[in-house]
Amino acid sequence: MSNDRLSAVEAKIARTLADKPQIFITHPAELKVLRTMSVEQLRKFAAEHGWRIVRRLGGHQIEFYNDASTRL
């Protein structure tokens with residue numbers, strides 16, 4: 001997995017969650033980057049940014065949203 005690709009997906013998620021309550025990652029290239037991570041790695045990645053994840057539609061999309069429990 002390329003760090004550049006993960007960084008690009010991370011930036012997209014952060015940008016969107018700054019304005020909206022959730023983002024659905026559905027683009028195949030973005031999903032491919034996220035699928036290289038184990039479920040635990042993906043949860044840790046989200047938690048480190050104050051996000052939560054939900055896998056939807058049999059893995060064809062991943063929802064990220066701000067985790068209110070990490071906010072002050």
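Start at 1 with the first residue, then count along the sequence.
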So, taking the atom named [atom1] in [X] and the one named [atom2] in [Y], what distance separates them when rounded to the nearest 0.5 Å?
X: Thr36; Y: Arg5; atom1: OG1; atom2: CZ; value: 10.0 Å
X: Leu17; Y: Trp51; atom1: CG; atom2: CH2; value: 6.5 Å
X: Arg55; Y: Leu31; atom1: CZ; atom2: CG; value: 9.0 Å
X: Glu30; Y: Gln61; atom1: CD; atom2: CD; value: 12.0 Å
X: Ile53; Y: Ile23; atom1: CD1; atom2: CD1; value: 13.5 Å
X: Arg35; Y: Ile62; atom1: CZ; atom2: CD1; value: 6.5 Å

Please answer whether the main-chain N or O of [Y] pairs with a side-chain N or O of [X] as donor and acceptor at a distance below 3.5 Å.
X: Thr16; Y: Ile13; answer: no
X: His60; Y: Arg56; answer: no
X: Gln41; Y: Ser38; answer: yes

**Message:** Is there a path of hydrophobic side-chain contacts, each under 4.5 Å between heavy atoms, that joins Ile25 and Val54?
**Reply:** no
**Message:** Do Leu42 and Phe64 make a side-chain contact, defined as non-hydrogen atoms from C-beta onward lying under 4.5 Å apart?
**Reply:** yes
